Participant: 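Sending over a structure as structure tokens; questions will come in a sec.
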Amino acid sequence: MAWDWFKRKKAPQGGFLADRQPGAMPTFTPRRTLVQARRIKVPTSLGFQAVLPTENPRGPLGIGEAGALLVRLNLLMLLILAAFTMVAGRLAFVALTPAMEPRPSLREMPREALRRGNIYDRNGILLAATLEVYSLSADPQKILDPEEVAEKLPDILPGLSPVNLLTQLTDPRRRFVWIKRRLTPEQAARVHALGLPGLELRSEFVRVYPHQQLAPHLLGAVDVDNNGLAGVERAFNTTLNRGEDLQLALDVRLQERLRQRVAEAMGVSEAKAAWGVVLKTRTEAGLPTREIVALVSLPDFDPNHFGQASADSRFNRVTQGSYEMGSTFKLFTVAQGLVNRTITPDTLIDARFPLQIGRFTIKDYRAKKAILTVEQVLRYSSNIGAAKIAEMGGASAQQDFLGKLGLLEPLYAGLAEVGQVRAPTNWGRVQTFTIAYGHGMSVTPLHMVGATATLADGLYMPPSVLKGGLPPSGERIVPRVVISDTQILDSIHRLMRDVVLNGSGRSSQLVGFDIGGKTGTAEKISAGGGYLRDKNLVSFVAAIPMKNPDYVTLIMVDEPVKGYETGGRIAAPAVGAFFRDLTQVVGLPPYMPEVVQFRQILQRVRRTESDPYTPSILTDMRTRNGMAAGVRNDPVNDTGHD
């Protein structure tokens with residue numbers, strides 16, 4: 001009785017003793033919750049058809065609950081239908097809309113799609129261009145007969161190793177192999193005619209320099225991927241890679257003449273190296289500028305074969321080399337004294353005895369051992385006189401003036417190669433003396449020619465390789481006034497003109513033209529310190545015409561042999577020969593009365609203008625006339641040496 005009562009009380013809804021047969025062990029049947037009981041059973045054959053449960057353990061569903069469930073199901077099906085409708089509509093739109101051409105920006109375009117910009121000289125002559133060529137590649141996995149490919153391609157492409165090529169083509173890990181870049185059109189046609197599977201001719205761009213070795217240090221070069229490696233190619237790599245053209249200040253005509261004259265000087269003097277640079281200092285409208293119209297550094301290279309060039313030939317001695325300039329620095333010493341009004345051209349300087357400073361002795365080359373005027377100090381290139389002039393102003397004044405000339409900081413003119421300035425950290429009395437005549441401080445030749453241009457017109461502007469003298473940023477530079485007094489400028493011009501008329505620069509004279517400049521001879525520094533007395537670096541810097549100059553030129557010769565070991569013997573004649581070329585190329589008019597008179601004298605003495613004695617004849621004529629190329633000068637009877 002007790003057991004029957006327990007079953008009626010505990011097991012009507014299922015549970016621990018539900019459906020237990022008499023004599024069987026008890027089993028557990030879990031009770032379904034109300035949520036589980038309401039789950040919808042959807043047979044797969046009916047899709048999304050809802051089937052309501054027929055029985056509910058707790059009783060039949062109410063009408064409200066069944067209606068709510070149907071509403072939720074209908075909403076779900078509507079959402080799914082809407083999603084499918086949107087996808088179908090988008091597919092139809094894409095299929096029916098006409099295709100539009102893509103318009104990628106330059107940044108998005110692949111490198112192969114861009115042609116590197118061209119480079120032109122100031123007159124529009126092409127200096128560097130990009131041509132389309134073919135390069136050969138291979139997919140080793142598609143090569144049917146690697147041995148056949150390795151056998152036939154070397155006959156078409158000289159220098160190709162059959163062994164190395166076969167090794168690359170049989171490597172199972174590789175899917176791409178460059179066989180040769182930049183094929184000639186004939187080579188590409190012959191490779192194509194082979195019809196070998198797995199080979200691919202790819203279109204690429206190659207940089208060419210039609211003038212070869214004419215201006216390699218200005219232009220620079222690129223690698224196989226058309227990335228700049230040197231010169232303006234490297235400095236303006238981003239601009240050129242955007243496809244923009246570049247116009248330089250370079251004048252191909254002057255570049256050719258300068259290279260010829262520098263090469264002649266290097267060959268005659270059997271020098272180790274030689275270089276030169278020309279600045280245009282005035283535009284055709286008479287505005288100041290500092291455009292590099294010619295730049296030569298020998299030895300040089302062919303930019304079409306940059307990889308074959310030696311490190312020595314790649315070195316840009318004009319913008320990257322830093323040298324003690326020697327006596328050309330005396331121009332700045334004298335100019336500083338004139339600007340600071342510590343001297344005049346007629347101030348007397350005692351140069352009779354060497355200067356002793358501690359363990360250092362300052363002497364003159366072929367000393368006059370006399371009391372000299374400032375004009376004679378520059379004419380005879382007196383080290384003693386220059387040191388005494390610098391001492392009048394002091395170290396601080398010297399440093400300040402050289403800084404205004406741009407000689408104390410690196411000079412960036414638009415080339416990747418920039419040389420450093422080596423100035424003393426302890427600028428004392430000894431340093432002031434030695435710097436006065438161009439020792440104890442090193443600058444680049446570009447510094448030297450730029451500072452000399454300032455002495456010519458009184459303005460400082462950094463030189464530039466771009467036409468118009470623009471800096472790389474493209475913003476026009478406002479000239480900085482260094483010498484505002486026109487009388488001081490006239491005095492500087494007179495002193496520079498005197499060096500050419502009566503001093504060591506006489507061999508640079510050109511009939512009908514007013515030229516002024518200064519020679520320099522510097523002993524080279526040895527690797528272990530000190531100076532090499534038998535190895536000189538000689539130079540000559542000059543302006544034409546000296547009054548209102550249009551061009552300033554510097555030529556330097558490294559280690560000329562005996563007989564050419566001074567600036568007056570090799571550098572000055574080279575500048576004079578170049579000026580003769582320049583006047584004809586750019587059309588500078590000569591002073592004709594002097595030209596006529598000089599030709600009459602040559603006819604009378606039976607000499608030609610190319611005669612070695614011509615400079616002496618011209619000097620004598622100008623001394624008697626008291627003028628050079630129509631410009632008055634004081635008659636003198638002395639000759640210079642440096």
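Positions are given from 1 along the sequence. Just so it is clear, the model here is predicted, and its values are computed rather than measured.
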Participant: One thing to verify: whether Arg422 and Glu324 come together as a salt bridge, which I'm taking to mean a side-chain N less than 4.0 angstrom from a carboxylate O.
Facilitator: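 Salt bridge flag = no for Arg422 with Glu324.
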Participant: Salt bridge between Asp514 and Arg497, side-chain N to carboxylate O under 4.0 Å?
Facilitator: yes
Participant: Judged by atom type as modelled, is there a donor-acceptor pair below 3.5 Å linking the side chain of Asp302 to the main-chain atoms of Gln213?
Facilitator: no
Participant: So, are Lys388 and Glu391 salt-bridged, with charged N and O less than 4.0 Å apart?
Facilitator: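 Answer for the salt bridge query: no.
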Participant: Passes side chain to side chain donor-acceptor pair (under 3.5 Å), Thr444 versus Thr319? Steps please.
Facilitator: CA-CA 6 Å; Thr444 70; Thr319 66; over 6 Å; no
Participant: With side chain to side chain donor-acceptor pair (under 3.5 Å) as the test, would you mind laying out the steps for Arg207 and Asn226 before giving the verdict?
Facilitator: CA-CA 7 Å; Arg207 199 69 162 169; Asn226 270 343; 5.6 Å; no
Participant: Would you mind checking if Lys524 and Asp558 are paired as a salt bridge, meaning a charged N to carboxylate O distance below 4.0 Å?
Facilitator: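 Salt bridge flag = yes for Lys524 with Asp558.
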Participant: Evaluate the side-chain proximity of Tyr209 to Leu214: yes if any heavy-atom separation is below 4.5 Å, no if none is.
Facilitator: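 No. Closest side-chain heavy atoms not under 4.5 Å.
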Participant: Between Ser382 and Gly385, what is the shortest heavy-atom contact and its length?
Facilitator: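 Reported closest heavy-atom pair: OG-N, 2.9 Å.
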Participant: Ring centroids only, cut at 6.0 angstrom: are Tyr323 and Trp275 within range, meaning strictly under it?
Facilitator: yes
Participant: Any side-chain heavy-atom pair from Leu218 and Leu415 closer than 4.5 angstrom?
Facilitator: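 The answer is yes; the side chains approach within 4.5 Å.
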Participant: Distance to the ring centre below 6.0 angstrom and angle to the axis at most 45 degrees; does that hold for Arg314 and Phe301?
Facilitator: no
Participant: Below 4.5 Å, heavy atoms only, C-beta onward: do Leu407 and Val421 meet side chain to side chain?
Facilitator: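 No, side chains not in contact.
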Participant: Where do Pro445 and Leu554 come nearest, in terms of heavy atoms and distance?
Facilitator: O-CD2, 3.5 Å
Participant: Answer whether the closest heavy-atom distance between the side chains of Thr553 and Val277 falls below 4.5 Å.
Facilitator: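 Heavy-atom side-chain distance check fails, nothing below 4.5 Å.
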Participant: Given the rule in the salt bridge (Lys or Arg N to Asp or Glu O under 4.0 Å) test, do Arg494 and Asp490 qualify, once you have shown the distances and angles that lead to the verdict?
Facilitator: CA-CA 6 Å; Arg494 166 190 164 187; Asp490 288 342; over 6 Å; no
Participant: Can you tell me how far the OG atom of Ser508 sits from the CD1 atom of Ile555, to the nearest 0.5 Å?
Facilitator: 10.5 Å
Participant: Take Ser539 and Lys518 through the side chain to side chain donor-acceptor pair (under 3.5 Å) test and state the conclusion after the steps.
Facilitator: CA-CA 8 Å; Ser539 60; Lys518 181 70 183 78; over 6 Å; no
Participant: Flag yes if more than 12 heavy atoms outside Lys547 fall under 6.0 Å of its NZ atom; otherwise flag no.
Facilitator: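 No, the 6.0 Å shell around NZ holds no more than 12 heavy atoms from other groups.
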Participant: Nearest 0.5 angstrom please: Phe579 CZ to Leu588 CG, how far?
Facilitator: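 With rounding to 0.5 Å, CZ (Phe579) is 9.5 Å from CG (Leu588).
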Participant: Does the side chain of Asn383 come within less than 4.5 Å of Lys330's, by heavy atoms?
Facilitator: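 The answer is yes; the side chains approach within 4.5 Å.
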Participant: I'd like to know if Glu523 and Lys535 make a salt bridge, using a cut-off of under 4.0 Å between side-chain N and carboxylate O.
Facilitator: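 Judged by the 4.0 Å cut-off on N to carboxylate O distance, Glu523 and Lys535 do not form a salt bridge.
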Participant: Indicate the atoms forming the closest heavy-atom contact of Gly517 with Val500, along with that distance.
Facilitator: N-CG2, 3.5 Å
Participant: Are Arg290 and Asp457 within salt-bridge range, i.e. N to O under 4.0 Å?
Facilitator: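 Answer for the salt bridge query: yes.
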Participant: Strictly below 4.0 Å, N to O, side chains only: are Asp121 and Arg253 in salt-bridge contact?
Facilitator: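 Answer for the salt bridge query: no.
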Participant: Just how far is it from atom OG1 of Thr583 to atom CZ of Phe578, taken to the nearest 0.5 Å?
Facilitator: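 Going from OG1 on Thr583 over to CZ on Phe578, the span is 9.5 Å.
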Participant: Do the side chains of Asp485 and Arg341 get close enough for a salt bridge, i.e. N-O under 4.0 angstrom?
Facilitator: yes
Participant: Decide if atom CZ of Arg282 counts as having more than 12 heavy atoms of other residues, nucleotides or ligands within a radius under 6.0 Å.
Facilitator: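 More than 12 heavy atoms, drawn from other residues, nucleotides or ligands, come within 6.0 Å of this atom.
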Participant: Quick one: does Phe401's side chain get under 4.5 Å of Val339's, heavy atoms only?
Facilitator: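 Side-chain contact under 4.5 Å: yes.
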Participant: Indicate yes or no for a side-chain donor-acceptor contact from Ser491 to the backbone of Gln487 under 3.5 Å, with no hydrogens or angles considered.
Facilitator: yes
Participant: Would you check if Leu298 and Arg259 make a side-chain contact, meaning some heavy-atom pair closer than 4.5 Å?
Facilitator: yes
Participant: Return all side-chain donor-acceptor pairs below 3.5 angstrom for residues 432-442, not counting sequence neighbours, or 'none' if the list is empty.
Facilitator:
{"from": "Thr432", "atom 1": "OG1", "to": "Gly428", "atom 2": "O", "distance (Å)": "2.8"}
{"from": "Thr434", "atom 1": "OG1", "to": "Val430", "atom 2": "O", "distance (Å)": "3.4"}
{"from": "Thr434", "atom 1": "OG1", "to": "Gln431", "atom 2": "O", "distance (Å)": "3.2"}
{"from": "Thr434", "atom 1": "OG1", "to": "His439", "atom 2": "O", "distance (Å)": "3.3"}

Participant: Taking it one step at a time, do Arg115 and Thr130 satisfy side chain to side chain donor-acceptor pair (under 3.5 Å)?
Facilitator: CA-CA 7 Å; Arg115 182 184 296 272; Thr130 301; 5.9 Å; no
Participant: Would you call Asp251 and Arg257 a salt bridge, using N to O less than 4.0 angstrom?
Facilitator: no
Participant: Is the closest side-chain heavy-atom distance between Leu246 and Tyr120 below 4.5 Å?
Facilitator: no
